[in-house]
Amino acid sequence: MLDPQMKKGLLEGCVLAALSRGDSYGYQLIKDISPYIVLSESTLYPILRRLEGAGHLTCYSVEHSGRLRKFYRITPAGRARLNEFIADWDELLGIYRFIKDGEPHD
């Protein structure tokens with residue numbers, strides 16, 4: 001089982017990655033991400049609020065079947081954060097290889 005803090009960072013990266021492919025709404029984000037990591041509504045919406053507060057995404061509403069559906073869009077700052085996440089991943093892979101196989105760092 002993943003450490004909660006590690007999972008939190010991974011989930012933020014997953015949300016940004018999903019939104020980098022196009023605007024989306026909460027339920028669709030859960031469907032897109034859940035095959036890779038467990039994600040519930042109670043976990044997703046605080047992440048979306050945190051990312052919005054940090055300026056990594058914006059939101060807007062669209063009427064759908066007589067109701068407003070809230071869509072999320074990644075911002076340039078969100079794309080920069082996603083790129084940082086990807087760059088950090090290389091470092092994490094080195095740590096993983098050390099833990100798993102005892103490979104020394106280059």
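These numbers were taken from a predicted model, which means no experiment stands behind them.
- Cluster annotation: I74 is connected to Y45 through the hydrophobic network of ILVMFWY side chains, with a link wherever side-chain heavy atoms come within less than 4.5 Å.
- Atoms CG and CG, from N83 and D88 in turn, are 11.0 Å apart once rounded to the nearest 0.5 Å.
- In this structure, R50 pairs ionically with E12, as a charged nitrogen and a carboxylate oxygen lie closer than 4.0 Å.
- With salt bridges taken as basic N to acidic carboxylate O contacts below 4.0 Å, none links R49 and E52.
- Looking only at side-chain heavy atoms (C-beta outward), L16 and F85 stay at 4.5 Å or farther from each other.
- Side-chain heavy atoms closer than 4.5 Å link hydrophobic residues (I, L, V, M, F, W, Y) into clusters, and following such links, possibly through other members, connects L82 to W89.
- The two atoms that bring D23 and R73 nearest to each other are OD2-NH2, 2.7 Å, heavy atoms only.
- Counting only heavy atoms from C-beta outward, the side chains of C14 and L39 never approach each other to under 4.5 Å.
- Hydrophobic clustering (ILVMFWY, side-chain heavy atoms < 4.5 Å, transitive): L93 and I86 are in one cluster.
- Pairing each heavy atom of S20 with each of A17, the nearest pair is OG-O, 2.6 Å.
- One finds the OG atom of S61 at 11.0 Å from the CZ atom of R69 (value rounded to the nearest 0.5 Å).
- The two residues A77 and G55 have their closest heavy-atom pair at CB-O, 3.5 Å.
- The closest side-chain heavy-atom distance from Y72 to L51 is not below 4.5 Å.
- There is a path of hydrophobic side-chain contacts, each under 4.5 Å, that joins I37 to L44.
- Here R97 contributes atom CZ and L92 contributes atom CG; the two are 10.0 Å apart, rounded to the nearest 0.5 Å.
- Among all heavy-atom pairs drawn from P35 and K31, the shortest one is CD-O, 3.2 Å.
- By the neighbour-count criterion of 12 heavy atoms within 6.0 Å, atom CD of E41 is sparsely surrounded, having that number or fewer from other residues, nucleotides or ligands.
- In this pair, F71 and Y60 present their aromatic rings parallel. The plane angle is below 30°, not in the 30 to 60° band.
- L19 is listed as a side-chain neighbour of L29, based on a closest heavy-atom distance under 4.5 Å.
- Hydrophobic clustering (ILVMFWY, side-chain heavy atoms < 4.5 Å, transitive): Y25 and I30 are in distinct clusters.
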Let's go through I99 and Y96 carefully: what are the C-alpha distance in whole Å and the side-chain angles of both, what is the deciding distance for side-chain contact (heavy atoms from CB on, under 4.5 Å) to 0.1 Å, and is it a yes or a no?
CA-CA 5 Å; I99 292 169; Y96 170 78; 5.8 Å; no
